[in-house]
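Contents: one structure, followed by commentary.
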Amino acid sequence: MKKLVFFIFALTLFGCQDFLKEESKSQMTENYYETEQGLYEGVGGVYTVCRALYQHHMFRLNYFGDLVENASSMNNSYDQAANVSWDSLNDVFANLHKGIMIINRLEKIIGENPDNQTKEIYLAEIRLLRAFFYQIQVEVWGKYGHFQDKVYTEYDPEMLNINQQSVEFFYTQILKDVNYAIEKLPIKAEVKEIGKLTQGAAKALKARFLLAISGYSNSEYSSQPEYNLHSKLGYASIESLYTEAKNLALSVISDYGYKMENEYSEVFNAYNKTSDEIIWAVQWTTDKMFNDPAQYFHRPGIGRTSETSVMHINNNGTTTASTKSLVVTRINTDGKTLKYSMPSHSMFYGREYRHIMPNFHWITMYADNDKRKLANFETLYVKIDDDKAPPVNITDTVCYMPIRAITAEEDKRYSDWVASGDPHAYFLDGLNEVFDMDDPSSEYYGGPLKHRSRYYSLKKFYDRSRTEMGKQETGNANAILIRLPEMHLIVAECNWKLNLGDESVYAALKPIWERSFTNLADADVYKKGVIDIDFIIDEYQRELGMEFNNFFILKRTRKLVDRIKKYNPKSREETVDNIQRWKDYVNDSHYIKPLPQNQVNNFRNITKDMLPPGYDYGSM
């Protein structure tokens, strides 16, 4: 029989970026992975699978929600809603199972009773990663996913049969693996390699997993086998589950030396690789040789910086906008005037991609003095002299884009100023040149205008370590998967679920609000008379918006459909043109995503009744 070959990227120790150094290993024999170096490299290969997952596919998986809308480069593509052939879903499925296959093979080599502490830690790491992979799968595909119950070293036709299991079955395995990791993984202070999993990360992940399990107590699952899943997994009550999740989060907050950055924006600095706020992140490096597979998630939320908006008042009094090139007059080093054109791509403002645009709901859910607002969304554009370097003069504004509506008179005044040739002039673009803001009481209010090109770029994912050229596709910033504020949010949610009173929820959120506002009293704007699930979701989104998590939050709270319909309106002009958008597509089937067509084609035993309902697989 043909020998089954695994191509595992091995990680080798070298300096402070130890965990990022890779060399390709192939044609390895089974015995190699029984050696100390081989086992180390095999475990490293599983971490490399996380790179493949998070280079951009897990980011794209979260497009379909209530925080972003398609931008002009994907204007008529709604693959995220229902396309069974969407490449990102296929790549997520394939990489999850690549990782699980490697893990199962390494687990067999290590054995149930490791003969030294190093192997015990390796076993804990790979089991936590397996729990992580299966938890992604079960939330995305539910009972329609695949469970690898055998370890193969040679080709076997059985490998081509899908092994579907219940949601309960998957979570039983997930909890078994994460509990082992909590028991055996070292604490943060004992881990020297950046990106390695720790006991704190295991507790944080379990807290997240428990909240996902709690979601199956929603009455909408009452006819499904997974209804009240917590009781099937051994929890005496839903309250005992929330109590455990809360205690896990409190332990992460108190016991491991994690602490929040003083400024929200500093968390996302591409050079800030060792922040104590980060509980776990997938690592990348500026060293091209060792940055494979490269990171691409810095690109999707970048709008067209080379454009400015032009306001139009229609005959019926409604407002719309078009775009034109952003060109201003400036003086060169010889003292002569020149026409300066803002570039589309730069190290400073990102590699324009226009896949997604932050929607009106996300942008306006922040109070004006919440510092996260300007840390998340770009409003100020200055002259770029070199597309691969910071601006020479950070005060040389070429366009200001405040997060407010502007008047037609303002728009004309600034446009005339630029037209005058004044070398200090700049354009003014407004919120109402991005979104329909004519009538706050109408169904169109907040819907993106048809151009979907000039918008508020998603600033938190800027990668200013890209210094080769402005159009550089490869990114180097880490993918932050869990950070400390999520633990405070989990405590807040659990306090609410445990009916401990509003003040206990506000107390849990206090550390987040203290960083977000210069004056804590200003956070009172977020307090409501009655706390509900939308309040909880809003707090998650203000702090963690689009950090690879939005689908999973909306799924476990069963708010995906409601919030897409509520917070993704269509503008009047798109409605008149009968353009279909997410609110037109979303339905309850979308809580389970389609099993990728490529995988359906690969599994030889699959039948139509084994596929998630609500999707078109054609003729099988």
Side-chain angles (χ1 to χ4, degrees), residues 56 59-60 62-81 83 297-314 318-326 342 344-345 349-364 376-379 381 399 401-406 411 427-438 442-459 461 545-546 550 564-586:
H56 69 167
F59 188 82
R60 296 178 73 195
N62 286 278
Y63 284 3
F64 190 51
D66 61 340
L67 292 181
V68 301
E69 254 289 357
N70 276 358
S72 58
S73 291
M74 291 185 63
N75 220 355
N76 298 311
S77 172
Y78 282 81
D79 288 352
Q80 310 92 333
N83 186 354
F297 65 80
H298 65 91
R299 307 174 302 172
I302 303 300
R304 177 148 281 182
T305 58
S306 60
E307 293 179 338
T308 184
S309 300
V310 181
M311 184 182 293
H312 304 286
I313 306 298
N314 298 319
T318 59
T319 301
T320 187
S322 60
T323 62
K324 68 177 182 180
S325 296
L326 202 170
M342 187 73 167
S344 297
H345 313 279
Y349 289 117
R351 190 261 192 253
E352 171 205 310
Y353 216 53
R354 291 177 294 153
H355 254 208
I356 54 168
M357 55 184 291
N359 68 10
F360 186 79
H361 157 67
W362 189 13
I363 293 170
T364 60
N376 276 321
F377 312 115
E378 188 59 76
T379 60
Y381 293 90
C399 185
M401 199 172 182
I403 301 177
R404 65 170 178 85
I406 65 172
D411 187 63
F427 288 102
L428 182 72
D429 290 343
L431 192 64
N432 53 332
E433 294 179 298
V434 181
F435 301 103
D436 187 327
M437 295 181 65
D438 289 325
S442 80
E443 64 179 295
Y444 314 116
Y445 189 72
L449 298 178
K450 196 157 49 173
H451 65 79
R452 295 184 179 232
S453 180
R454 177 63 169 162
Y455 55 84
Y456 298 87
S457 287
L458 187 48
K459 191 174 178 181
F461 297 116
M546 286 304 290
N550 202 45
I564 285 180
K565 288 188 173 183
K566 182 177 181 179
Y567 294 129
N568 291 71
K570 293 194 296 186
S571 63
R572 183 187 304 272
E573 63 181 359
E574 291 197 337
T575 302
V576 168
D577 286 352
N578 197 31
I579 297 174
Q580 300 296 290
R581 296 299 186 193
W582 282 348
K583 66 174 294 183
D584 301 307
Y585 288 98
V586 69

Sub-3.5 Å donor-acceptor pair from the side chain of [X] to the main-chain atoms of [Y], do we have one?
X	Y	value
Thr575	Ser571	yes
Tyr456	Phe360	no
Tyr353	Gly303	no
Asp436	Gly447	no
Glu433	Gly430	yes
Ser344	Arg304	no
Asp584	Arg581	yes
Tyr567	Gly65	no

Heavy-atom check, side chain of [X] versus side chain of [Y], under 4.5 Å:
X	Y	value
Arg452	Val434	no
Asp411	Leu428	no
Asp577	Lys450	yes
Tyr444	Lys570	no
Glu307	Leu326	no
Arg354	Tyr455	yes
Val68	Pro300	no
Arg351	His298	yes

Are [X] and [Y] close enough that their ring centres sit under 6.0 Å apart?
X	Y	answer
Tyr381	Phe427	no
Phe297	His56	no
Trp362	Phe377	yes
Phe64	Tyr585	no

Is the closest side-chain donor-acceptor distance between [X] and [Y] under 3.5 Å?
X	Y	value
His451	Ser72	no
Asp438	Asn432	no
His355	Tyr63	yes
Thr305	Glu352	no

Within this structure, what is the [atom1]-[atom2] distance for the pair [X] and [Y], rounded to the nearest 0.5 Å?
X	Y	atom1	atom2	answer
Glu69	Glu574	CD	CD	7.5 Å
Ile356	Leu458	CD1	CG	6.0 Å
Asn359	Asp66	CG	CG	7.0 Å
Ser309	Lys324	OG	NZ	10.5 Å
Arg454	Asp429	CZ	CG	5.0 Å
Ile579	Asn70	CD1	CG	12.0 Å

(message) If I compare all heavy atoms of Lys583 with all of Val586, which pair ends up nearest, and what's the gap?
(response) O-CG1, 4.0 Å
(message) Could you report the tightest heavy-atom contact between Pro569 and Glu443, atom names first, then the distance?
(response) CB-O, 3.5 Å
(request) Let me see the working for Lys459 and Asn376 under side chain to side chain contact (heavy atoms under 4.5 Å, CB included), right down to the final yes or no. (result) CA-CA 5 Å; Lys459 191 174 178 181; Asn376 276 321; 5.7 Å; no
(request) Would you indicate whether Lys565, at its atom NZ, is surrounded by more than 12 heavy atoms from other residues, nucleotides or ligands within a distance under 6.0 Å? (result) no
(message) Does Thr319 form a side chain to side chain donor-acceptor pair (under 3.5 Å) with His312? I'd like the steps, not just the answer.
(response) CA-CA 6 Å; Thr319 301; His312 304 286; over 6 Å; no
(request) Under the side chain to side chain contact (heavy atoms under 4.5 Å, CB included) rule, what do His361 and Asn568 come out as? Steps first, then yes or no, please. (result) CA-CA 8 Å; His361 157 67; Asn568 291 71; over 6 Å; no
(request) Kindly indicate whether a cation-pi arrangement holds for Arg572 with Phe435, taking the cut-offs as under 6.0 Å to the six-membered ring centre and within 45° of the axis. (result) no
